[in-house]
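Contents: one structure, followed by commentary.
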Amino acid sequence: MKKTVSITLLVLAVAIIGTGLYLYNTFIAKAAVPKGLENYIIKVPTNASFEEVVQRLKSQGYLQDEPVFRVLADRMAYNRNPMRAGRFELQAGWSQIELIRHLRNGPQAPIDLVLNNERLIEEVAGKVAGFLEQDSLAFLTLMQDEAYLDSIEYTPETLMSLFIPNTYEFYWNTTPEAFMKRMLREHDRFWGQNGRMAKADSRGMSAAEVYTLASIVERETLVGSEKPRMAGVYLNRLRIGMPLQADPTAVFARRDFETPRVTDYHTKFDSPYNTYMYAGLPPGPISMASISSIDAVLNAEDHDYLYFCAKGDGSGLHAFARTLSAHNQNAAIYRANLRKRGLR
C-alpha cells in the first residue's frame, strides 16, 4: 500500500514538474522574438485594434506562437480597445511575456526629426510627416489654419520663422498640435539663448524680421564666413531705405527654385516678396534660415558696403563694394571669370 502511494506521488510530482517545465518553456523561456531579423521596430498606429497589432507582429516575423500570445495578451490586460499606440524597439530573444510587457507599458523608441532647408510650409509639413505617424495633410491643415495661427501669434507669411533648423527627438505618434507646441518651446528657448533677443531689439527688429533677413542670407551664400558681411550689406540698405534687390526673393516670388540664373522674368514680377520692386523686408521668410544665418544677422559686420557680387571663380565667394561703380567693376570681373570657365 505504501509502495503504491509512493509511486502515485512520484507520478504526480513528475507530472507537475513536467507541466511546470512546459508552461515555463512555452510562456517564459521560449523566444517569441526571433534572432536574425533585419528590423526590430514595430509601429502601432493610433486607434489600432488588437487584431491589427497581431497582424503587424506576424507580418514582421515577431510572433512565433500566436495562440500563446493571444492567451497571454488577455491574461496580462494587453488586449484593449484601442491599443496603446507608438513606435517600439523589440529585442531578439524576448519571451512572449517580455514582448507583451514592453508593448503594454515599456518606453517608446523615439525618432530623430531633422529640419534644415525647406523653402515652403508645404515642404515642412511633408518633411515632418516623413518622420511622424500622421500624413502631411494633417500637419499642413493645422499650419494653414488662420485661427490657430492667430492663437499662436503668427501669420501664414511669418510661420516659417517659427522653425529653428535642428535635429529634434520626437515620439512617432506625436500629433500635429503637439508638434507645433514643441516647436513653439524650441523657438522661445533658442531666442532666449546667447542674448539673441536683446541683439534683435538693439537693431529694432523682431525675431521674425531677423529670421526673414537671415533666410535671404541663407539663400545668397553657402560660405558661412561671409554671412555676417552680407547681412551687414542688407542692414545698411534697410537703414537708408534702399531696396534689398536680393535675387533669392525674386526667385521665391516666382517659385522658380530650379532656375540657373535670375533674369527679368524674376526681377520684374510683381510680388511683395520681390525686393527689386519693393523696398524693405518681404512679408516673411523665403525659406528656413540656418542658425548660422540667424546669428550672422544678429552679429552682422559693421561696415559701409552696399553691394556685393559673386566672384564667379568657383569659390562661392562674393566681392563687396561701397559704390555702384566699384560694384560694376566686380560684376565685369564676375562675367570674365564665367567666360574663362566656359560658363558663358
Side-chain angles (χ1 to χ4, degrees), residues 41 43-48 52 82 85-87 108-191 206-216 218-219 248-259 266 269 271-274 281-291 293-294:
I41 295 293
K43 294 176 180 177
V44 179
T46 299
N47 295 322
E52 288 178 272
R87 176 180 182 270
Q108 285 198 50
I111 52 93
D112 288 332
L113 189 154
V114 181
L115 295 176
N116 46 23
N117 59 357
E118 285 65 47
R119 291 180 182 267
L120 304 170
I121 288 300
E122 291 86 349
E123 294 176 352
V124 177
K127 184 71 169 290
V128 174
F131 290 97
L132 302 182
E133 178 185 10
Q134 297 200 35
D135 63 20
S136 59
L137 182 60
F139 288 96
L140 185 60
T141 297
L142 182 64
M143 292 176 185
Q144 293 181 332
D145 185 329
E146 293 197 18
Y148 171 75
L149 293 180
D150 186 61
S151 74
I152 61 173
E153 301 182 343
Y154 282 86
T155 68
E157 294 77 19
T158 63
L159 180 59
M160 185 66 82
S161 67
L162 169 65
F163 303 108
I164 307 301
N166 214 328
T167 299
Y168 300 99
E169 190 174 271
F170 276 95
Y171 289 132
W172 173 71
N173 58 328
T174 299
T175 64
E177 291 78 9
F179 169 77
M180 292 296 286
K181 188 175 181 180
R182 169 77 180 281
M183 290 295 95
L184 287 164
R185 291 200 307 270
E186 294 292 345
H187 174 277
D188 292 346
R189 184 185 65 81
F190 173 81
W191 284 98
S206 67
E209 289 171 331
V210 170
Y211 194 108
T212 297
L213 183 53
S215 73
I216 298 174
E218 181 76 14
R219 292 297 168 179
T249 65
V251 169
F252 179 85
R254 276 291 192 183
R255 302 295 197 271
D256 186 21
F257 301 131
E258 302 304 319
T259 184
H266 305 92
F269 179 64
S271 165
Y273 283 93
N274 185 354
L281 290 170
I286 60 169
S287 80
M288 277 194 186
S290 65
I291 292 173
S293 292
I294 296 171

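Here the structure is a predicted model, which is why all the values come from computation and not from measurement. Along the sequence shown, residues carry numbers from 1. Atom set for the values below is all heavy atoms of this structure, side chains included, hydrogens, waters and symmetry mates excluded.
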*Mind jotting down which residue pairs meet the side chain to side chain donor-acceptor pair (under 3.5 Å) criterion with at least one end in residues 127-146? Sequence neighbours excluded, please.*
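Only Thr46-Glu133, Asn116-Lys127, Glu118-Lys127 qualify under side chain to side chain donor-acceptor pair (under 3.5 Å).
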
*Any side chain to side chain donor-acceptor pair (under 3.5 Å) involving residues 174-189? Give me the pairs, sequence neighbours left out, ordered by first then second residue.*
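The answer is Tyr154-His187, Arg182-Glu186, Glu186-Arg189, His187-Trp191.
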
Give me the atom names and distance for the closest heavy-atom approach of [X] to [Y].
| X | Y | value |
| --- | --- | --- |
| Phe269 | Ala253 | CE2-O, 3.4 Å |
| Asn47 | Pro82 | CA-CB, 3.6 Å |
| Pro272 | Pro283 | O-CD, 3.5 Å |

Do the side chains of [Y] and [X] get nearer than 4.5 Å, heavy atoms only?
| X | Y | value |
| --- | --- | --- |
| Phe190 | Ile294 | yes |
| Leu132 | Arg87 | no |
| Phe163 | Met180 | yes |
| Leu149 | Pro156 | yes |
| Ile121 | Met160 | yes |
| Ile216 | Pro282 | yes |
| Leu115 | Met183 | yes |
| Val44 | Asn173 | no |

_Test of understanding: with side chain to side chain contact (heavy atoms under 4.5 Å, CB included), list the residues that count as partners of Pro110, not counting sequence neighbours._
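Testing Pro110 for side chain to side chain contact (heavy atoms under 4.5 Å, CB included), a comparison that skips the adjacent residues, returns Glu169, Tyr171.
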
*asked:* Going by ring-ring contact (aromatic ring centres under 6.0 Å, His included), name the residues that satisfy it together with Tyr211, two or more places apart in sequence or in a different chain.
replied: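 Result, ring-ring contact (aromatic ring centres under 6.0 Å, His included) vs Tyr211: none returned.
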
*Pairing residues for Phe170 by the ring-ring contact (aromatic ring centres under 6.0 Å, His included) criterion, not counting sequence neighbours*: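 Testing Phe170 for ring-ring contact (aromatic ring centres under 6.0 Å, His included), a comparison that skips the adjacent residues, returns Phe179.
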
*How long is the span from the CG atom in Leu162 to the CD1 atom in Ile164, to the nearest 0.5 Å?*
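So the CG of Leu162 and the CD1 of Ile164 are separated by 7.5 Å.
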
*Inter-residue atom distance Phe257.CZ - Phe252.CZ, 0.5 Å rounding*: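 One finds 5.5 Å between CZ of Phe257 and CZ of Phe252.
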
_Listed partners of Arg255 passing side-chain hydrogen bond (donor to acceptor under 3.5 Å, both in side chains), at least two apart_ =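 Per chain and number, Arg255 pairs via side-chain hydrogen bond (donor to acceptor under 3.5 Å, both in side chains) with no residue.
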
Measure from the side-chain N and O atoms of [X] to the backbone N and O of [Y], and report whether any donor-acceptor pair falls under 3.5 Å.
| X | Y | result |
| --- | --- | --- |
| Asp112 | Thr167 | no |
| Ser215 | Ile286 | yes |
| Glu123 | Arg119 | yes |

*Can you tell me if Thr158 and Ser161 form a side-chain donor-acceptor pair at under 3.5 Å?*
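No, no side-chain donor-acceptor contact under 3.5 Å.
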
